[in-house]
There are 2 protein chains.
Amino acid sequence: MILSANTRKEVHAVTERQLEIVLAVVYEFIRTGEPAGSRTISKKYMRGNSPATIRNEMADLEEMRYLYQAHTSSGRLPTSKAYRLYVDSIMQRRRSVPLEAEAWMHEIRNRREGIESLLTQVTQLLGKATNCIGVAALSALEEVTIQRVSFMRLGGDMVLLIVVLEGGLVHHTNIRLPGDLSQDVLDELARRISTVASGHPWSEVRRTLSAYIFEGLERIRDVCRSAVAEIDSQLNRKNTRLFVGGAQHILSLPDFQDVNKFQAVLSILEQEQPLADMVDRYSIADGVSVTIGDEISEQEMKDCSLLLMPSGLGRKAILGLIGPIRMDYERSITMLELLAEGLGDSFDR
Amino acid sequence: MILSANTRKEVHAVTERQLEIVLAVVYEFIRTGEPAGSRTISKKYMRGNSPATIRNEMADLEEMRYLYQAHTSSGRLPTSKAYRLYVDSIMQRRRSVPLEAEAWMHEIRNRREGIESLLTQVTQLLGKATNCIGVAALSALEEVTIQRVSFMRLGGDMVLLIVVLEGGLVHHTNIRLPGDLSQDVLDELARRISTVASGHPWSEVRRTLSAYIFEGLERIRDVCRSAVAEIDSQLNRKNTRLFVGGAQHILSLPDFQDVNKFQAVLSILEQEQPLADMVDRYSIADGVSVTIGDEISEQEMKDCSLLLMPSGLGRKAILGLIGPIRMDYERSITMLELLAEGLGDSFDR
DNA sequence: GTTAGCACTCAGGATCATAGAGTGCCAGCG
DNA sequence: CGCTGGCACTCTATGATCCTGAGTGCTAAC
């Protein structure tokens, strides 16, 4: 039994040497953009083994779907499976911090112009630093401390709802409150909600906002209820606010010389929903998540990798990168970690 | 004397027939994307004249810089000067309204979610409808009626300034107010400014906000002053808010198959300043302005044309299009006019 | 002033040959 | 039995060559 389990495992697992070859092929391909042949791998990375040996291993690795060939007589190219091994190996070992990093961090830390413009700037910085597209999202605003809520009459049933959150983050939308209320009533409503909510995240006070705080407003009980419901639905949705920047840089890369590839990505970026979903689906509670090529369910992203990392505002501000599968993961991951950390510092002051 | 003046004028002005040729070349090039030869022009647009005649005229038009050749034996291509004639001739004649227009308009008119998201949607619609990049800008907020001003304490000298303008347009930034004021003082300050400003554009009340309205606050006179100054500088700047959408569609056009061209445009769009400047510089008080290729001073835009038209919010919301020089001006201009009009309606309710 | 005719130019596509990178497989070696 | 050198084979990329067709400029005749 044990033996059979072992043998079965051997079929799927790669040997030490095979791993070495896979990593070398990925590394070489990321560096040069050209398929790597057995000769190259032998010469540059594995002097101990002849090209013929490498070739034999490569044939096996192709069968196991770690590598593939563009055509019969071309070198080997890595599949997502190979990239996965490569990224996992990077994540495990210690990475060096690029020298320019200090300058970037400085730029961020000395920002005072508000969360929105800071996030925009960070995405642009990320893009420039990595030749990828910088992304930022504010997720789960219900977990962020509320400072104040206010309503403003727009006419008819329409009311402008403004929620000011921790650190001066402003969220506003037009909502519908039945009954054409006067500004005075709206102010009173806002005052009461603010009193209870201020200093707490919405998720905490949501239940507290029951009937008793609206004492004396029984006449408009329905309005109070739908006001609370509206705030709820506003803060509840995931990744309400999205920021994208530095997209220009990706166009310098050879991988995106084909306009169609970029168009596919752009079509995702220009709609809110798919991007928000992706950020939500692939980000993890802590640390950098890397999703590679067809691991992303969106067809349009099949030529891209997505890196995400939760950052400031109690991990509710998520920072990310979208770049070619053949990106410099080492640098990208390090940069993302650094800037996410810097952003956290900047928020928490 | 008169005769010499006449002759000189003849050198610069084009004859009726020459104009006809220029317009035909532009039209043909916009339609097909290929240089137009004398034979084509003669056959399709000017049966009355032989190719040889057209050729002679073309040689003259080349000397006058209306046309040029890619190489000796290619057909003629229009220069900006030729496009200028073409666009001017379009602007003068009546244009037909595309059938799909009704659907677009409907989509806009039934929008309730606030000015920002409306503008974003309109830019995307514009982009899709014309295969150009849709652009929108809010200019001169000081001319827009104010609803309310409020300040919110962020800690230290930093204060969040929120100005709510006509129609629920929210403008906010972090500003610096000296002296770490309490929220109560800030509220009082906001209340006083709001009382005076509400219902008027800032440009109107700016002078009224002299010392007397801050009676009883002499102790913090400097704060009052810098608060007013901050609001002033916020609302004063041109094209504070920019919206870009539908950029993906431009990549379907043959003109933008070359990634570098798109990259140039994108580098402009990703910074606020240059785009804001362009909108400010090239928009006119009323109606559509068309700026073609190298008429735009930004080098990055040399392969593009820029269409702009003031729209709702008392002409302060400017709508625009960025597309290839070889765009369907007739359709683009009509679309822009339509959507700008529709947006105006939507705002003024 | 207009036009037909003609020689000339040039880009773009098709065809072909060649070089070079890389593979798979076999036979021999330790 | 695993590793390696050798060899025949495959396939792409590159460059040279040729050819066609579109289009021009010029000249001479109407």
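This structure is a prediction, so every number in the text was calculated from the model and none was measured. Values below: all heavy atoms of this structure, side chains included; hydrogens, waters and symmetry mates excluded. Below, chain A is the first sequence line, B the second, and so on; all start at residue 1.
Both A70(B) and E57(B) sit near DNA chain C, but only E57(B) has its closest nucleotide nearer the 5' end.
Distance CD1 (I54(A)) to P (dG5(D)): 12 Å, rounded to an integer number of Å. Between the CG atom of L67(B) and the C1' atom of dG23(D) there is a distance of 14 Å, given to the nearest Å. In this entry the distance linking CD of E34(B) with P of dC10(C) reads 19 Å, nearest Å. Rounded to an integer number of Å, the gap from R39(B) CZ to dG5(C) C1' is 14 Å. At whole-Å resolution of the value, NZ in K43(B) and P in dA4(C) are 13 Å apart. Taking atom CG of residue N56(A) and atom C1' of nucleotide dC25(C), one finds them 9 Å apart after rounding to whole Å. Between I41(A) atom CD1 and dT4(D) atom P there is a gap of 15 Å when expressed in whole angstrom units. To the nearest angstrom, C1' of dG22(C) lies 10 Å from CE of M58(A).
Taking the side chain of A52(A) as heavy atoms from C-beta on, and the options dG22(C), dT2(C), dG5(D), the nearest nucleotide is dG5(D). Of the candidate nucleotides dG5(D), dA11(C), dT12(D), dT12(D) has the atom lying nearest to any side-chain atom of H71(A). Of the candidate nucleotides dA11(C), dT2(C), dC3(D), dT2(C) has the atom nearest to the side chain of R17(B).
Taking side-chain N and O atoms only, S50(A) has no distance below 4.0 Å to OP1 or OP2 of dC3(D). Phosphate contact (OP1/OP2 of dC10(C), side-chain N/O of T72(B), threshold under 4.0 Å): present. In terms of phosphate contacts, R55(A) brings no side-chain nitrogen or oxygen within less than 4.0 Å of OP1 or OP2 of dC3(D). Between S74(A) and dG22(C), a side-chain N or O to OP1/OP2 separation shorter than 4.0 Å is absent.
Residue side chain S73(A) reaches the base of dC11(D) through a donor-acceptor N/O pair under 3.5 Å, judged by distance alone.
Using cut-offs of 30° and 60° for the angle between ring planes, the Y86(B) and Y27(B) rings count as tilted.
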Residues K128(A), E100(A); criterion salt bridge (Lys or Arg N to Asp or Glu O under 4.0 Å); working and verdict: CA-CA 12 Å; K128(A) 196 166 75 177; E100(A) 325 97 270; over 6 Å; no
